[in-house]
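These notes are about the structure you will find just below.
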Number of protein chains: 2
Amino acid sequence: MKEYFIQNAKDFVGETVTLKGWAYNVRKSGKIWFLLLRDGTGIMQCVITKFDADEASFDVKNVITQESSVIVTGEVKAEPRSPNGYEMLVHKVELVAVAEEYPIAKKEHGTDYLMDNRHLWLRSKRQHAIIRIRHTIIKSIRDFFDDRDFTLVDTPIFQKAATEGTATLFETDYFGEKAYLTQSGQLYGEACAAAFGKIYCFGPTFRAEKSKTRRHLTEFWMVEPEMAYYDLDMNMDLAEDFVFYIVSQVLEHRRPELETLERDISKLEAIQKPFPRISYSDAVKILEENDVDIKWGDDFGGADETIISNQFDSPVMVHRYPVAIKAFYMKRDPENENQALALDMLAPEGYGEIIGGSQREDDIDLLINRIQEDGASEDDYSWYLDLRRYGSFPHSGFGLGVERVVAWLCGLKHIRETIPFPRTISRLNP
Amino acid sequence: MKEYFIQNAKDFVGETVTLKGWAYNVRKSGKIWFLLLRDGTGIMQCVITKFDADEASFDVKNVITQESSVIVTGEVKAEPRSPNGYEMLVHKVELVAVAEEYPIAKKEHGTDYLMDNRHLWLRSKRQHAIIRIRHTIIKSIRDFFDDRDFTLVDTPIFQKAATEGTATLFETDYFGEKAYLTQSGQLYGEACAAAFGKIYCFGPTFRAEKSKTRRHLTEFWMVEPEMAYYDLDMNMDLAEDFVFYIVSQVLEHRRPELETLERDISKLEAIQKPFPRISYSDAVKILEENDVDIKWGDDFGGADETIISNQFDSPVMVHRYPVAIKAFYMKRDPENENQALALDMLAPEGYGEIIGGSQREDDIDLLINRIQEDGASEDDYSWYLDLRRYGSFPHSGFGLGVERVVAWLCGLKHIRETIPFPRTISRLNP
């Protein structure tokens, strides 16, 4: 049996079809009633009269409630005054189940209340738009790498050692051993770059962030490409092409959803290649010119990132950070050993860091020094050091946080709406 | 600068190009030496003579070792006698780093040794073929659902309650609360089906499997579609189209890799739609006819599944299992309340269950009964029960285990080779 979905209404104008969904809204007016039917792909205005529908169908109006599940059959017509440009003249209404009084009303609810009812809140127009934009972002990410012959490698969630410091590790008992949940697939990605040349991993990563911020989740999705024989410049070229592609795909495929969110689309349309590239030292100068109390060597806070990114319409890449504030695996700049060949990409409009990456240290002695300086155990990284023993090679990569990009492109103030069921320090349910 | 990769050799025959990779093998013969260069996309035979190469390049033969990283420049020619049909006449060899004696030699190694060196073992032709087939399987999965307007929803890894029983849960401390690692995204998927109609989630799932078997990992990837207004038959139709699509994509894009693995491709080519569909009761009869000591109500073991699947060339769907051996959320058959509207799909050639699914219970009272019968807490499932309070709807879905499908299509005896870094009861490193 052929399936019909509201988002494809233009394909079945003039036909009599059956749509299955839920009552988004019901409005009654004597001899006629209007049902806004939500089927998960869109909303259709359905018109029920005694003239076109049978009596039992007409009388459904006496019992139907918001979010009741319902199947309607009728003729679809173009109707410019209707929300989606079409409406259905209904012949038959089949009430599947009457919903109890729906807990999310038209009135304003507090955020905690909505998050407690996240499983229902997802049915709203706003959440629908966000999750569909998220879908397009993720599809764009995979298409970008697949089209460029990157090999997908799913790196392990259970790991024995930290990639990004030990302060934010989640731990579990693994048959008597301690295992940590991955903070990053990068070290494994480097092993795979030696096997496959260009790879990407893409999965959930975990940080036990103890602070409440609008930018952090404890569980978030990250894509991490890693490329053999790429230096920092090639890495930045790729990052730029990549983010530009994501933005252009969202603009091409999700304009109605951006409009639902009342996103200022002109800000996204203003993004152009090449993206500006400035050194960390240049960024410090920008901050100084803006009266920020900062000195060379300090890390940037969220407010600093906003000042820097506000100088530009496109995302800006900041490169060559001080070694001391970056991870142990980043290669030192041969021209200045206090600098790491790192890059961060900052999104416009104050959305902060969306990419962090670097060229990797390929000198085994320097790498061992850095591990020791971090107070970590060389043993934990012995397999990682093997990559420098057996055919060490220049290579680079970066990580992009999906939820940060969703927040930016959707124009969301808080990251909690960027994923169906967000996890934060105070949120494990639903 | 343009990049060249060995897999695209046919596109640059006659050109002088630079290739970057590792020495897969070196063979010396007086005034000529041969380098098999591995770049992660393929292997190219490179010929180095004193005539064509400069002296320094020629002399690299005196120090180069297996897996040394190396950059070669030369002219690419068609050469039918060469492994990939091409060879390079080398002008210049640049040795990037000399590898220490490579721990994986041509001789046979034990599995434990190879798994200890998994980060290096991935560089072998066999592992390369498997991971690239895995890539194609995952891409096919996503393309299948994306092309059919399913919305991707990333369901949470940290969960408060069990989906598939409490015996195999991994636990972590979540800021003072207990959190479990997801066994399945299904319950969340059902909430999303009510919001988006047709959805899929696709991510890592976890089972603390205490047994050593060749079919189980503790960490494995699962895709789980969930469809509003789908009954069991529509669910089986979708599962059939889905698996057929994956097989056809692998046959279309990964034939060389299947050949590398010496897979009997004819077995995959024999797969045809429609797939056989038999009831659990019919399956029991098949087992009885094969002298298996089984009675109605017993669950199938691996050996039983092999006997059943051996009756057919295509995957077989077994439906309507006894309620008692299936999960609490499966809908009872209105025509026989001892049967659940469940389906399992068994792969041919003894590869066992690759899909498990069902129509879901949409009657809240029956669902509460089943939760209580399981000794679980109704409170833990309160948000899940909301889906039946607010517009309950017929719906169905299934889960497909990626690693099982990789093992089957690649013809692997053991599941440990199906993922870059497998996790089993005895394996957490590398």
Side-chain angles (χ1 to χ4, degrees), chain A residues 20 22 39-41 67-69 96-97 99-100 102 119-120 122-123 128 131-132 135 138-139 142 146 149 151-158 160 170-172 174-175 177 179 188 191-192 194-197 203-204 219 221 228-229 383 386 389-393 419-421 423 425 428-430, chain B residues 5 20 22 39-41 67-69 96-97 99-100 102 119-120 122-123 128 131-132 135 138-139 142 146 151-158 160 170-172 174-175 177 179 188 191-192 194-197 203-204 219 221 228-229 383 386 389-393 419-421 423 425 428-430:
Chain A
K20 302 171 179 184
W22 296 265
D39 77 345
T41 75
E67 286 301 323
S68 289
S69 44
V96 178
E100 296 178 24
Y102 196 59
H119 54 296
L120 303 175
L122 287 172
R123 303 181 185 186
H128 191 264
I131 299 301
R132 280 161 67 110
H135 178 136
I138 291 175
K139 181 169 164 51
R142 295 194 176 261
D146 290 346
D149 288 330
T151 298
L152 169 69
V153 293
D154 294 306
T155 52
I157 306 297
F158 290 130
K160 272 192 84 163
F170 284 106
E171 181 184 313
T172 192
Y174 193 85
F175 308 107
E177 275 186 278
Y188 291 93
C192 294
F196 303 102
E219 178 186 320
W221 284 67
Y229 291 102
W383 69 262
D386 276 356
R389 290 189 185 101
Y390 306 110
S392 195
F393 59 113
I419 186 166
F421 297 93
R423 294 293 180 251
I425 184 169
L428 179 60
N429 200 49
Chain B
F5 294 100
K20 302 171 178 182
W22 296 265
D39 76 344
T41 75
E67 285 300 323
S68 289
S69 43
V96 178
E100 295 178 25
Y102 196 60
H119 54 297
L120 303 175
L122 286 172
R123 302 180 184 187
H128 192 264
I131 299 301
R132 280 162 63 112
H135 179 136
I138 290 175
K139 181 170 163 51
R142 293 192 178 265
D146 290 346
T151 298
L152 170 69
V153 292
D154 294 307
T155 52
I157 306 297
F158 290 130
K160 272 194 83 164
F170 284 107
E171 181 184 313
T172 191
Y174 193 86
F175 308 107
E177 273 187 276
Y188 291 94
C192 293
F196 304 102
E219 179 186 318
W221 284 67
Y229 291 102
W383 68 263
D386 275 356
R389 289 188 185 101
Y390 306 111
S392 193
F393 59 113
I419 186 166
F421 296 93
R423 294 294 180 253
I425 184 168
L428 179 60
N429 200 50

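Across all non-hydrogen atoms, the minimal contact from Ile419(A) to Asp154(B) is CG1-O, 4.1 Å. The minimum heavy-atom distance linking Ser392(A) with Ala97(B) is given by the pair O-CB, 3.4 Å. Across every non-hydrogen atom of Ala195(A) and Leu122(B), the tightest pair is CB-O, 3.6 Å. When all heavy atoms of Ile131(B) and Leu152(A) are compared, the pair lying nearest together is CG2-O, 4.0 Å. Residues Thr172(A) and Glu171(B) share a closest heavy-atom pair of OG1-O, 2.5 Å. Across all non-hydrogen atoms, the minimal contact from Ala99(A) to Gly391(B) is CB-N, 3.5 Å.
For the set Ile157(A), Thr41(A), Asn429(A), the entry with the most heavy-atom pairs within less than 4.5 Å of chain B is Ile157(A). When Asp146(B), Asp39(B), Ile138(B) are compared by the number of non-hydrogen pairs under 4.5 Å with chain A, Asp146(B) comes out ahead. Each of Cys192(B), Pro204(B), Gly197(B), Gly203(B) has some count of heavy-atom pairs under 4.5 Å with chain A, and the biggest count is that of Pro204(B). Counting heavy-atom pairs under 4.5 Å between each of Ala179(A), Pro156(A), Pro420(A), Ser68(A) and chain B puts Pro156(A) at the top. Of the listed residues (Leu120(B), Ile425(B), Val153(B), Val96(B)), the greatest number of heavy-atom pairs within a distance under 4.5 Å of chain A belongs to Ile425(B).
Although no hydrogens or angles enter the test, the distance criterion places a donor-acceptor pair under 3.5 Å between the side chain of Glu219(A) and the main chain of Phe158(B).
Contact of Leu428(A) with chain B is made through backbone and side chain together, with heavy-atom distances under 4.5 Å. Contacts of Pro430(A) with chain B are made by both backbone and side-chain atoms, with heavy-atom separations under 4.5 Å. Proximity to chain B involves both the backbone and the side chain of Glu100(A), based on heavy atoms less than 4.5 angstrom apart. If you measure heavy-atom distances from Thr151(A) to chain B, the contacts under 4.5 Å come from both the backbone and the side chain. With a 4.5 angstrom heavy-atom cutoff, Ala194(A) touches chain B via backbone and side-chain atoms both. When heavy atoms are compared at a cutoff of 4.5 Å, Tyr102(B) approaches chain A by way of both its backbone and its side chain.
For Arg423(B), there are no salt bridge (charged side-chain N to carboxylate O under 4.0 Å, His left out) partners two or more places apart in sequence or in a different chain. Applying the salt bridge (charged side-chain N to carboxylate O under 4.0 Å, His left out) test to Arg142(B) and every residue at least two apart in sequence or in another chain returns nothing.
Ring geometry, Phe170(B) versus Tyr174(A): the interplanar angle falls under 30°, so the pair is classed parallel (tilted spans 30 to 60°).
Under the 6.0 Å cut-off for aromatic ring centres, Trp22(B) and Phe393(A) qualify, their centroids lying closer than that.
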